[in-house]
Amino acid sequence: MNEHALTTPVLSARASLGGLAQRLVQDGLLNETAMQDAIAKSQEKRISLVTHLVASNLATARDIAISASNEFGVPLLDLDVVVADPDAARAVSPKLVLKHRVLPLMKRGKRLFLAVADPTDLHALDEIRFQTSMSIEFVVVEDNKLQKAVESLVEQADAAMPSLTDDDLDLENLEVTSGDEGASADALARDDVEDAPIVRFVNKIMLDAIKKGASDIHFEPYEKVFRIRTRLDGILKEVALPPVQLAVKIVARLKVMARLDIAERRVPQDGRIKMRLSKNRAIDFRVSTCPTLFGEKVVARILDPSSAMLGIDALGYEPFQRELYLRYLAKPQGMILVTGPTGSGKTVSLYTGLNILNTEDCNISTAEDPAEINLPGINQVNVNPKVGLTFATALRAFLRQDPDVIMVGEVRDLETAEIALKASQTGHLVLSTLHTNDAPQTLTRLVDMGVKPYAIATSVSLIIAQRLARKLCAHCKSSIDIPAEALKKEGFDAADISTGFQVYKAVGCSQCTDGYKGRMGLYQVMPVTETIGRIIMTGGSALDINDQATKDGVWNLRRSGLEKVKLGITSLEEINSVTLD
């Protein structure tokens, strides 16, 4: 009886052991009592049994790996002679690699091979299988070598992201909110806590773009790469290549910030983010998502209200062009159209004009899609076709609200054009944009839309066509000699060439981007004179209008660009890239 009482606890202890623990006891690495104690302590510390045994010097990593390989019938590999496949490493997020201490080794079709030290950790394998949507096969490795490999992999992932330091982020003043003022900030706060590294990374990218003066940020997912680029002075530049497995989280963070539907990934969405840098300065981002083959691409356009406060002198108008713009802004009625492709600075030109007109005695209303820059003192309306608030609807509402100045974001259809023209005929100054290549084509484009020629001739008063060109860096630009014959072919007249001027080229230094720093406008400012009005009403072409405008002394975009070359502000190469010969 006494003998049975003595043996019962030992049998119970042996019965409670299983799997790797039992195999280690059978192989003589530990006795049952020591193993039971090791199991209890590993559970208390919330670490794996293998890690505890190695850290406590109860067994060597090599002996444990051999026993595990024999017990589960899986290969034993030496990590010192194995090189992990980068594609496999990108398949599993660094967070899971660190959490479960596994090392992705290689991919073969839909199979992912992992190196593990503890094959009994089924929870880790299930979580990785769910995250990757791949079947998991594992090999056994030594725990201490696995720990070093995992730390090295995570360090490489961190190195692929720009360094994030408190010095770089104005953490005291930085405040990020959605453009939807009625939305709660609880979701943003929760997201900040749950995934702080992603939050800091996105904030860092956005702040760096603002500091550099970028106009757009592109977050682009591809099959094996996640690329982030910023548009600086009109040119896209790659700024970061985060691990591709972080693409979904980065995009989700941006969508949360912009109050977009995170679950909806099949259709494009538009939103807005406000980043408050200090008490006196806030930057808006207009966010657009678009589903692509490998995930959602996000483009954030940076809308800096200070750009509308530069003043007309900073925009690059020639003195006589500036006087024309100011003269027609001062008129009580008429229509001013600004034309050019997307990203040519039309919005800044319009907002600069509105800022000049924004006085106490002037009632200004704008209809935009969307309002890019908030200007106090101006009544701004975001059009929303889904609920019936179109440009035309907004214009009709404005005309019942005693307006002095009306700005329409874009003339897109005949209805909007007719209402805007009628408003300009009834004592209102109307400003708007149109997508055409130059000023003469704007008038024929309105005719093509169905607007009556006489309405155009009597309503449109001034057309400004524009482009943006990069300015040469003052620190590194270098003079070059160009033969007179070559200058003549570029468009310089004989008087310019005989007078003599210096042409400069881009070089590049630490204070610029490829030899350029900043941009300025090139303008064609064309008043619609009585003569041009007659050409329109008699069915004249854009070429006829252009010939008459040239006779009237109007500079085309090419002529404006060549003037900037003469002054040494930009290069001939840059002008050739943004204007036609």
Side-chain angles (χ1 to χ4, degrees), residues 19-30 35 38-39 42 45-161 224 241-246:
L20 179 59
Q22 184 174 351
R23 182 62 187 235
L24 294 176
V25 172
Q26 290 176 354
D27 288 347
L29 298 183
L30 285 88
M35 181 59 72
I39 292 172
S42 66
K45 295 178 181 178
R46 296 186 177 182
I47 60 175
S48 75
L49 174 62
V50 174
T51 300
H52 173 71
L53 292 174
V54 174
S56 303
N57 294 319
L58 297 174
T60 66
R62 179 69 178 174
D63 289 340
I64 295 174
I66 293 172
S67 294
S69 176
N70 293 332
E71 175 66 20
F72 296 100
V74 294
L76 170 63
L77 290 184
D78 185 354
L79 282 181
D80 287 340
V81 296
V82 175
V83 178
D85 182 1
D87 283 347
R90 286 192 288 265
V92 184
S93 71
K95 185 176 180 180
L96 282 183
V97 167
L98 192 60
K99 176 182 177 182
H100 297 301
R101 295 179 72 253
V102 298
L103 182 69
L105 291 176
M106 63 180 178
K107 287 169 60 178
R108 290 293 182 270
K110 281 292 185 179
R111 293 188 300 164
L112 178 65
F113 291 82
L114 295 178
V116 301
D118 184 2
T120 62
D121 190 356
L122 299 180
H123 173 67
L125 301 180
D126 287 341
E127 189 170 351
I128 294 172
R129 184 182 296 111
F130 177 78
Q131 188 247 342
T132 61
S133 299
M134 303 179 74
S135 62
I136 305 298
E137 298 190 24
F138 60 88
V139 297
V140 175
V141 297
E142 297 164 57
D143 184 81
N144 54 346
K145 293 181 180 180
L146 177 63
Q147 178 67 25
K148 293 179 181 178
V150 166
E151 291 174 353
S152 176
L153 179 63
V154 173
E155 285 177 5
Q156 291 175 15
D158 288 342
M161 301 169 70
K224 297 181 180 180
L241 285 171
V244 70
Q245 58 264 34
L246 296 183

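Computed from a predicted structure; not experimentally measured. Worth knowing before you read on, the calculation uses all heavy atoms, side chains too, and leaves out hydrogens, waters and symmetry mates.
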Participant: Can you measure from CG (Leu77) to CZ (Phe138) and round to the nearest 0.5 angstrom?
Facilitator: 12.5 Å

Participant: How far does CE of Met106 sit from CG of Leu112, to the nearest 0.5 angstrom?
Facilitator: 9.5 Å

Participant: Which atoms form the tightest heavy-atom contact between Lys145 and Asp78, and what is the distance?
Facilitator: NZ-OD1, 2.8 Å

Participant: Given side chains that start at C-beta, do those of Val141 and Leu103 come closer than 4.5 Å, heavy atoms only?
Facilitator: no

Participant: So which atom in Val102 and which in Leu146 form the shortest heavy-atom distance, rounded to 0.1 Å?
Facilitator: C-CD1, 4.3 Å

Participant: Backbone N or O of Ile39 within a donor-acceptor pair of the Ser42 side chain at under 3.5 Å?
Facilitator: yes

Participant: How long is the gap from CE on Met35 to CG on Leu58, to the nearest 0.5 Å?
Facilitator: 8.5 Å

Participant: For Glu142 and Val54, what are the C-alpha separation, side-chain angles and deciding distance, and is it a side-chain contact (heavy atoms from CB on, under 4.5 Å)?
Facilitator: CA-CA 10 Å; Glu142 297 164 57; Val54 174; over 6 Å; no

Participant: What's the spacing between Arg23 CZ and Ser69 OG if we round to 0.5 Å?
Facilitator: 9.5 Å

Participant: What is the distance from atom CG of Asp118 to atom CG of Leu49, rounded to the nearest 0.5 Å?
Facilitator: 6.5 Å

Participant: Identify the residue among Asp143, Leu20, Leu24 that makes a side-chain contact (heavy atoms from CB on, under 4.5 Å) with Leu53.
Facilitator: Leu24

Participant: Kindly give the heavy-atom pair with the smallest separation between Ala61 and Asn144, and that separation in Å.
Facilitator: CB-OD1, 3.4 Å

Participant: Looking at residues at least two apart in the chain, or sitting in another chain, which of them share a side-chain contact (heavy atoms from CB on, under 4.5 Å) with Thr60?
Facilitator: Arg62, Asp63

Participant: How close do Ala65 and Val140 get, counting heavy atoms only, and between which atoms?
Facilitator: O-CG1, 3.6 Å

Participant: Closest heavy-atom contact between Ala117 and Val50?
Facilitator: O-CG2, 3.7 Å

Participant: Indicate yes or no: at least one non-hydrogen side-chain atom of Leu105 is less than 4.5 angstrom from one of Val139.
Facilitator: yes

Participant: From Lys107 NZ over to Met134 CE, what is the distance, rounded to the nearest 0.5 angstrom?
Facilitator: 5.0 Å

Participant: Between Asp27 and Glu71, is any pair of side-chain heavy atoms under 4.5 Å apart?
Facilitator: no

Participant: Within the 4.5 Å heavy-atom criterion, are Leu98 and Val150 side-chain neighbours or not?
Facilitator: yes

Participant: Assess, by modelled atom type and distance only, whether the side chains of Thr51 and Arg101 contain a donor and an acceptor separated by less than 3.5 Å.
Facilitator: yes

